[in-house]
Undergrad: 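Take this structure, written in structure tokens, and hold onto it; I'll ask about it next.
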Amino acid sequence: MSTTRTFPPGFLWGSATAAYQIEGAVAEGGRGPSIWDTFSHTPGRTSGGDTGDVADDHYHHWREDVAQMKALGLRAYRFSISWPRVQPGGSGEFNAEGIAFYSGLVDALIDAGIEPVATLYHWDLPQELEDAGGWANRETAHRFAAYAERMAAELGSRVSVWTTFNEPWCAAYLGYACGVHAPGRTNGADALAAVHHLNLAHGLAGRAIRRVLGAQAKVSITLNLHVNRPDDPGSAADVDAARRIDAIGNRIFLGPLLDGAYPEDLLADTAHVTDWSFVRAGDLETIRIPLDVLGVNYYSTGRVRRLAGARDGAALPSAWVGADDVEFLEQPGPYTATGWNIDPGGLTELLASLHATYPDQPLMITENGAAFDDVVGPDGEIHDDCRVAYLHDHLEALGVALDEGVDVRGYFVWSLLDNFEWNSGYSKRFGIIRVDYDTQERTWKDSARWYRELIRSGALPTTA
Ligand code: FCB
């Protein structure tokens, strides 16, 4: 294949990480415990009992990591701020040492010519707030806004884009409905309350950031929007199954964030789970703020149908609250090491459909990438051709969306470094840079060299 697709000038080429996945140093520098410390230290919750205690030890290696980013030619770096590192209990006292860590990182990025794109919440809620009810408790939204306001004051206009949340879908449903992520709770009504309080917290925080920094502050949120197709497009039941999943997975966020309302069909679908009385007068006005850019994370697609027969009583609670009668079917391959199907066309489809509904909304791919079982060759090299092909094909799919007029401003590879992949622990490697967890040595995979060349040339190079 030889393609020479080019990208618009100013297209933001970046890479992404998250605090708990890379930092380690969980008990250093005044950091308080988060729900992920508690969860990962609970037996049986993560693969191999892995925890983020050390991870990539980025807390001590950050200067070297910024040097790696500079060598890659990254134009932007998307990182997350650990709330319990800067405010150990999630309310009250802030921790100067924690704030200084992020301030130093931001300065170093700017010195290296890299735009800091900061996420305020990538799932590491201070444990004290979880003990008070977590995201099912409305008060957490107000605590989050106070934290956001303080970070805006501290880091100010040095941060290019302020992302309030990463994937609130995961925080709410994986954390509170099916319990495979921290805090590991399994209550559908709590999960829906958590969704609303995350949405509310976004609006409160975005307003607080603009209050501190003025209208020029760029505010964003990153969603993992789901492309779920009906198994049989001719079946009304399957089409309805896809509609329900779209409502509970996508429109439950897009509706309040961009349209100022929860969709009627969502409220009807979930009426047997909750009466939605946690939505108070004024909340929907608070949530809807202009988004300078909407972050989209994309990995794979799904296929659904109406469940034939009863749901298996022994099955884990579903992440898809109120949609117990929807069945997810195995997708055709190829697959990555996480078992996710590779379907670049889904990215074009997702971007086109977002653009059709919200034509004036700028978009950014804030995560895309793949875990593969990387092999270190005898020469110490990692020839991760599968990852290069994955990235190539998804960028080609993004390019098709650009051709169709979709306003996509940038692309961030997940991830810069191999890291702690949540409940999969260290068993899944997503990095374009390998991390040896015994020595903390960083080694560029072929995909890192490939990405550097792509950024340098702005043209999608030949892969085969
Ligand atoms: C996303 C998360 C990110 C990482 C990738 C693989 O859902 O935002 O932290 O785990 O998946």
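Start at 1 and go down the list; that is how both ligands and their atoms are numbered.
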Undergrad: Compute the ring centroids of W169 and W320, then answer whether they are less than 6.0 Å apart.
TA: yes

Undergrad: Who passes side-chain hydrogen bond (donor to acceptor under 3.5 Å, both in side chains) against D107, sequence neighbours left out?
TA: R158

Undergrad: Which of the numbered atoms in ligand 1 are below 4.0 angstrom from a heavy atom of F430?
TA: 6 (C)

Undergrad: Tell me whether the guanidinium CZ or amine NZ of R150 lies under 6.0 angstrom from the six-membered ring centre of F94 and within 45° of its axis.
TA: yes

Undergrad: Kindly write out the residues that satisfy side-chain hydrogen bond (donor to acceptor under 3.5 Å, both in side chains) with D418, not counting sequence neighbours, or none if the list is empty.
TA: R429, K445

Undergrad: Looking only at the side chains, is there a donor atom on one of Y411 and N368 sitting less than 3.5 Å from an acceptor on the other?
TA: yes

Undergrad: Counting from 1, what ligand 1 atoms have a heavy atom of W422 closer than 4.0 Å?
TA: 3 (C), 4 (C), 9 (O), 10 (O)

Undergrad: So which protein heavy atom does atom 3 (C) of ligand 1 come closest to, and at what separation?
TA: E367 OE1, 3.4 Å

Undergrad: For atom 7 (O) of ligand 1, what is the closest protein heavy atom, and at what distance to 0.1 Å?
TA: E167 OE1, 2.5 Å

Undergrad: Would a line drawn from the ring center of W422 to the ring center of F39 be shorter than 6.0 Å?
TA: no

Undergrad: Could you tell me whether W123 and ligand 1 have an N or O pair separated by under 3.5 Å?
TA: no

Undergrad: What atoms of ligand 1 come closer than 4.0 angstrom to any heavy atom of E421?
TA: 4 (C), 6 (C), 10 (O)

Undergrad: Purely on distance, is any nitrogen or oxygen of W340 under 3.5 Å from one on ligand 1?
TA: no

Undergrad: List the closest protein heavy-atom neighbour of atom 5 (C) of ligand 1: residue, atom name, distance to the nearest 0.1 Å.
TA: Y299 OH, 3.3 Å

Undergrad: Atoms of ligand 1 less than 4.0 Å from N166 heavy atoms?
TA: 8 (O)

Undergrad: How about F278 and H196: are their ring centres within less than 6.0 Å of each other?
TA: yes

Undergrad: Which ligand 1 atoms are under 4.0 Å away from a heavy-atom of H122?
TA: 2 (C), 3 (C), 8 (O), 9 (O)

